J.: 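I am attaching a structure below and will ask some questions about it afterwards.
The first residue of the sequence shown is numbered 1, and numbering continues consecutively from there. Keep in mind it's a predicted model, so treat the numbers as computed, not measured.
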Amino acid sequence: MSTPKSDHDTLWELIKDIRFGMLTHRHANGMLHAHPLTTQNQSIDEGSQLYFFISRKSELAQRLQQDGNVNVSYADPGDDSYVSLSGQAAISEDQAKKEDLWSPVARAWFPAGVNDPDLALLAVHIHHAEYWDVKESKMVQLAKMAKAALTGETPPRLGEHKELHLS
């Protein structure tokens with residue numbers, strides 16, 4: 001008998017192979033701005049945190065100090081999976097966590113390494129998550145949509161859609 005996946009495990013399975021998340025925040029003028037960021041985690045822990053490296057001098061770092069409400073979205077159109085995470089972002093000064101998450105790829109952005117004074121660790125505490133995960137093949141999806149269109153039946157249910165409240 002297999003153990004059911006936790007919500008954290010399900011979310012991680014959906015986003016772990018997606019290289020970039022789009023982090024959206026509110027700009028000082030009220031407009032929403034999005035930035036592609038590389039998720040640094042190796043998993044989503046029970047603390048529901050995502051981590052990103054950003055420049056301490058960036059507009060994003062400055063803005064998030066004033067308003068940390070963010071959304072991070074992930075999309076994998078090839079696998080028909082989509083994830084939207086809402087939460088609170090803050091700069092973390094946890095040097096041990098920086099060192100744990102550091103990778104040679106990060107050096108391209110922060111050439112002075114993990115001790116680069118410009119390197120900021122952005123922690124996003126996830127409060128709410130929503131995902132859509134379609135398991136059916138494209139052919140099955142098209143068949144279900146065509147049937148609904150032709151018969152006037154309710155729209156077909158394609159895959160799993162779930163909302164999670166994590167804190």
J.: Does a side-chain heavy-atom distance below 4.5 Å link L32 with H27?
T.: no

J.: Show, in sequence, the C-alpha distance, side-chain angles and deciding distance for F52 and T39, and conclude whether the side-chain contact (heavy atoms from CB on, under 4.5 Å) test is met.
T.: CA-CA 5 Å; F52 306 91; T39 307; 3.5 Å; yes

J.: Write down the atom of Y82, the atom of P77, and the distance for their closest heavy-atom approach.
T.: OH-CA, 3.5 Å

J.: Which distance, rounded to the nearest 0.5 Å, do you find between the NZ of K16 and the CD1 of I44?
T.: 11.5 Å

J.: If the plane angle is over 60° it's perpendicular, under 30° parallel, otherwise tilted; pick one for H25 and H33.
T.: tilted

J.: Hey, mind stepping through Y74 and Y131 against side-chain contact (heavy atoms from CB on, under 4.5 Å) and telling me if it holds?
T.: CA-CA 9 Å; Y74 296 89; Y131 67 84; over 6 Å; no

J.: Quick check against the 3.5 Å criterion: does N69 have a side-chain atom that pairs as donor or acceptor with the backbone of Q88?
T.: no

J.: Would Q95 and N115 count as a side chain to side chain donor-acceptor pair (under 3.5 Å) if you check the C-alpha gap in whole Å, the side-chain angles of each, and the deciding distance to 0.1 Å?
T.: CA-CA 8 Å; Q95 185 63 28; N115 294 312; 3.1 Å; yes

J.: How long is the straight-line distance from CG of L37 back to CG of L50, given to the nearest 0.5 Å?
T.: 10.5 Å

J.: Indicate yes or no: at least one non-hydrogen side-chain atom of T38 is less than 4.5 angstrom from one of F53.
T.: no

J.: Counting only N and O atoms by type, is there a donor-acceptor contact under 3.5 Å from the side chain of R56 to the main-chain atoms of A61?
T.: no

J.: If we only count heavy atoms from C-beta on, is the D76 to D17 side-chain gap below 4.5 Å?
T.: no

J.: Would V70 and L121 show up in the same hydrophobic cluster when neighbours are defined by side-chain heavy atoms closer than 4.5 Å?
T.: no

J.: Would you kindly confirm whether I126 and L101 end up in one hydrophobic cluster when ILVMFWY residues are joined by side chain heavy atoms under 4.5 Å apart?
T.: no

J.: Could you measure the distance from the CZ atom of R26 to the CG atom of D67? Nearest 0.5 Å is fine.
T.: 7.0 Å

J.: State, with a plain yes or no, whether a side-chain heavy atom of K97 is found less than 4.5 Å away from one of Q40.
T.: no

J.: Could you walk me through whether I15 and V72 satisfy the side-chain contact (heavy atoms from CB on, under 4.5 Å) test, starting with their C-alpha distance in whole Å, then the side-chain angles of each, then the deciding distance to 0.1 Å, before giving a yes or no?
T.: CA-CA 11 Å; I15 69 172; V72 183; over 6 Å; no

J.: Would you call L64 and L122 a side-chain contact if the rule is heavy atoms closer than 4.5 Å?
T.: yes

J.: S81 and D133: which non-hydrogen atoms are nearest, and at how many Å?
T.: CB-OD1, 3.6 Å

J.: Measure across A34 and M22 and return the closest heavy-atom pair with its distance rounded to 0.1 Å.
T.: CB-CE, 3.6 Å

J.: Restricting to non-hydrogen atoms, name the atom on L119 and the atom on V114 that form the minimum distance, rounded to 0.1 Å.
T.: CD2-O, 3.4 Å

J.: Before giving the answer on side chain to side chain donor-acceptor pair (under 3.5 Å), spell out for D118 and S55 the whole-Å C-alpha distance, their side-chain angles and the decisive distance to 0.1 Å.
T.: CA-CA 5 Å; D118 188 39; S55 167; 2.8 Å; yes

J.: Would you say CD of Q42 has more than 12 non-hydrogen atoms from neighbouring residues, nucleotides or ligands within 6.0 angstrom?
T.: no

J.: Under the side-chain contact (heavy atoms from CB on, under 4.5 Å) rule, what do K98 and Y51 come out as? Steps first, then yes or no, please.
T.: CA-CA 9 Å; K98 282 184 187 179; Y51 295 98; over 6 Å; no

J.: Flag the pair I54 / I91 as yes when at least one side-chain heavy-atom distance between them is below 4.5 Å, and no otherwise.
T.: yes

J.: Rounded to the nearest 0.5 Å, how far does NE2 of H35 lie from OG of S58?
T.: 7.5 Å

J.: Can you classify the ring geometry of H127 versus H125 as parallel (below 30°), tilted (30 to 60°) or perpendicular (above 60°)?
T.: perpendicular

